[in-house]
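The structure under discussion appears below in the form of structure tokens.
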Amino acid sequence: MRVMATTSRRSLLQGVGLGAAAATVATVAPAGTAPAFAHKGGDSSSAQFTLAVIPDTQYLFDQDRGDPAPLTATLRYIMDHRAEQNIVFTAHLGDIVENAAADELASAGDVFELFDRRRVPYSVLAGNHDIDSRTTDQRGPSPYLDVFGPQRFRPLSTFGGATPDGYNTYHIFRAAGREWLLFALDWRPSDGTLEWVKGVLAAHPRTPAILTTHELAIQGNEPGKAVLSGHGQRLWDRLVKSSDQIFLTINGHFWPPADSVLTNDAGHDVHVHITNYQDRYYGGGAMLRLYHFDLDRNTIDVETISPWILGQDPSRRNALERQEIELTDANNRFSVPIDFAERFAGFAPVPVRPARPAKPMLVRGTVAYWRFDQGRADGTAVPDGFRIDDLSGLGNHLTRVTLGGSPADALRWTDAHHPDQPAHASLFFNGAKQPARGAYLSTAAGAPLNFATFESGYTIEAFVKLPANVRSINHAWMSILCRMGAGKDAGKTGGDPSEPLATLSMSDGMALQWAVFPGNQNGISTNWGHEMRADEWFHVAVVNDGRTTTLYVDGAELLRNPSTPAIGLAASGEPWFVGAYHYDRIIEQGFYGWLGDIRIVSRPLPVSAFLNA
């Protein structure tokens, strides 16, 4: 599946200035032995990174009829934008030159010295115009091998190895906190080479792989739709469809650009892309395709630009150049949605973070820590009057209270939990309002938490999941955590003094709200979050540093935090509730959804301290 990208970068880009035997399998290094990603400008931990792809440049190196300037501009663009776009690797798709001539290849090799001098990771493969196209990769010595053989790539940290014939290589780059394989396969890889690829994959069994080769797919009868060529069918049948690690193939040779999604033997998608621009103005002008991976969004955004034209004075561009700055049609600028964790789960499953004991969560200043892993079966009702112990040791225990007319299973244990939640359990609150229904948890009269004012700051955290139908029924202003007592009970007269002294709630649009009567204000201080997606777990944190209060979701600071310092909390000496909201001391409704671990600390904690503990 792929979708047309909706935002063009053209306005931004136009302003950028660019200053052995076939059956022999080569020895494969074991998984994990590749050098770490170390070249300047790359961030191997970022969830966003870019793979740069350069298709057929053959007309730029055609006897005395070519021009190396466009390819030079493309390589310089990649070097200049490595840090900005986190370009971790560059792959050329073959047909570097037109006639496989030694002087043509030497000229192209001179351009790639721009990368060599700065150790920029890249790969090159032979197209049919780079070698004797009548041969397989067992063709022996050639001018191509002299210039672009394995010896050229060995100094690079990403070079993994080559076939004995030297015409096929593999590379390992590190991005998004993991290793990625990239194969650069020759014009006609032999059966021995395909076995070599399988050997590399077997030596790196948890590493996702990208296959680059010169020919694999061609546009079929449907515009923009790629189908396998005759040779591509051979590669598919003998290699790709049985190798689940290969999730993306990119080839040149044919035009126009097209793509398709095929299903491999494991039942998973393989994205098949053709990219080639030699049929366009100036032989394609070393057009650059950029694959922007975003593992946070589970998307690859693809764009196609001409660095050579971008580097020109806009006032001097001719009519044809102005059309080639950026290709924005659906076959050249689009997005590919991929659930990376799900796609790679068959060979590289993301390990589930295990449950963590309570003790490490009891950081200095913890005044209450409640978790719901009491070992009860999923779906079991919490008995009326059941006590949830406060693991801080300060005695702020919680007890179930049932609202009138509510069934026993209005509050029940579940196995559901946030992936980063310390306890792998939660409670499901089946609450409602008008009339108030459900069950909640309450601290006991006299609990120390009832008298806490937190004048040195505080952190309040909870794991929350809203049901899919939360907006279709009336649950506006339900509370995750609420303090009994109205503002007027603490002598407050500003705003609405019938509001609770403190409440962490969900608005009518299911936006987070932290509303509190601070000790130093007469009215309410309110933090507003954004509307939360239903049926997804999230972690919410309210952090007060003694001066201001900030709301976070999954470690990200939200926008609408109060500018007025909010010091401490007003207190009435009355209970705190989990899963109930009151107005003017009358409980109006019970919470609807799942609540996981809840922690209250009498000091501000660093962002995501609970998530990363």
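Atoms considered below: every heavy atom in the structure, side chains included; atoms not considered: hydrogens, waters and symmetry mates.
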Point to revise | side chain to side chain contact (heavy atoms under 4.5 Å, CB included) between R317 and I325, intermediate numbers included | key: CA-CA 10 Å; R317 292 175 186 149; I325 296 170; 3.4 Å; yes

Kindly list each side-chain donor-acceptor pair under 3.5 angstrom involving residues 217-230, sequence neighbours excluded, with atom names and distances?
{"residue": "Q219", "atom": "OE1", "partner": "G224", "partner atom": "N", "Å": "2.8"}
{"residue": "S229", "atom": "OG", "partner": "E215", "partner atom": "OE2", "Å": "2.7"}
{"residue": "S229", "atom": "OG", "partner": "L216", "partner atom": "O", "Å": "3.3"}
{"residue": "S229", "atom": "OG", "partner": "G232", "partner atom": "N", "Å": "2.9"}

Review point. Got a salt bridge between D137 and R188, using NZ or NE/NH1/NH2 to carboxylate O under 4.0 Å?
Key: no

Check your understanding: Should the pair D420-R356 be classified as a salt bridge under the 4.0 Å nitrogen-to-oxygen rule?
Key -> no

Report the distance from atom [atom1] of [X] to atom [atom2] of [Y], rounding to the nearest 0.5 Å.
| X | Y | atom1 | atom2 | value |
| --- | --- | --- | --- | --- |
| N298 | R343 | CG | CZ | 13.0 Å |
| L145 | D165 | CG | CG | 8.0 Å |
| M79 | R118 | CE | CZ | 5.0 Å |
| E342 | D269 | CD | CG | 9.5 Å |
| F293 | I338 | CZ | CD1 | 6.5 Å |
| T304 | Y291 | OG1 | OH | 7.5 Å |

Of the non-hydrogen atoms in [X] and [Y], which two are nearest, and what is the gap between them?
| X | Y | result |
| --- | --- | --- |
| D244 | G346 | OD2-CA, 4.4 Å |
| P150 | F159 | CB-CZ, 4.1 Å |
| K241 | N264 | O-CB, 3.3 Å |
| T213 | L185 | OG1-O, 3.2 Å |
| S133 | N128 | CB-O, 3.5 Å |
| Y77 | P307 | CB-CB, 3.5 Å |

Of all residues at least two apart in sequence or in a different chain, which pass the side-chain contact (heavy atoms from CB on, under 4.5 Å) check with [X]?
| X | answer |
| --- | --- |
| H424 | V352, A355, H417 |
| H92 | I54, T57, I96, F112, V124 |
| E113 | D110, D116, R117, R152 |

Within-4.5 Å side-chain heavy-atom neighbours: [X] and [Y]:
| X | Y | value |
| --- | --- | --- |
| L51 | I300 | no |
| I172 | T207 | no |
| E321 | R316 | no |
| Y277 | L327 | yes |
| L182 | W180 | no |
| V53 | H273 | no |
| H292 | V302 | no |
| L125 | H214 | yes |

Does any N or O in the side chain of [X] come within less than 3.5 Å of the main-chain N or O of [Y], such that one atom is a donor and the other an acceptor?
| X | Y | value |
| --- | --- | --- |
| E98 | F61 | no |
| D130 | V97 | yes |
| T212 | F183 | yes |
| R238 | L235 | no |
| Q245 | H204 | yes |
| N276 | Q278 | yes |
| D95 | H129 | yes |
| S242 | L239 | yes |
| N86 | T50 | no |

Study note, to complete from the structure: Residues passing the side-chain hydrogen bond (donor to acceptor under 3.5 Å, both in side chains) test with D237, sequence neighbours excluded, are Q233

Practice item. Determine whether the aromatic ring centres of F347 and H268 lie less than 6.0 Å apart. Key: no

Exercise for review: Any chance you could lay out the side chain to side chain contact (heavy atoms under 4.5 Å, CB included) test for I210 and F247, step after step, and finish with the verdict?
Suggested key: CA-CA 6 Å; I210 299 166; F247 70 98; 3.8 Å; yes

Exercise for review: Give a yes or no on this: more than 12 heavy atoms of other residues, nucleotides or ligands lie within 6.0 Å of atom CD of E531.
Suggested key: yes

Review point. Is R134 atom CZ crowded by more than 12 heavy atoms from other residues, nucleotides or ligands, each under 6.0 Å away?
Key: no

Practice item. Test ring-ring contact (aromatic ring centres under 6.0 Å, His included) on Y122 and F153 and set out the steps. Key: CA-CA 8 Å; Y122 74 104; F153 305 103; 5.2 Å; yes

Point to revise | Pairs involving residues 286-299, ordered by first then second residue, that meet salt bridge (charged side-chain N to carboxylate O under 4.0 Å, His left out) (sequence neighbours left out) | key: D294-R297, R297-D301

Review point. In terms of ring plane angle, is the pair F89 and F173 parallel, tilted or perpendicular, where the classes change at 30° and 60°?
Key: parallel

Exercise for review: Take W187 and Y144, measure what ring-ring contact (aromatic ring centres under 6.0 Å, His included) needs, and give me the verdict at the end.
Suggested key: CA-CA 12 Å; W187 162 242; Y144 169 85; over 10 Å; no

Exercise for review: Mind running side chain to side chain contact (heavy atoms under 4.5 Å, CB included) on D554 and E536 for me, showing each step along the way?
Suggested key: CA-CA 12 Å; D554 288 330; E536 292 184 13; over 6 Å; no

Check your understanding: Do D146 and L105 pass the side chain to side chain contact (heavy atoms under 4.5 Å, CB included) test, and can you show the C-alpha distance, the side-chain angles, and the key distance before you say yes or no?
Key -> CA-CA 9 Å; D146 292 339; L105 288 157; over 6 Å; no

Exercise for review: Would you please say whether a donor-acceptor pair under 3.5 Å links the side chains of Y167 and S142?
Suggested key: yes

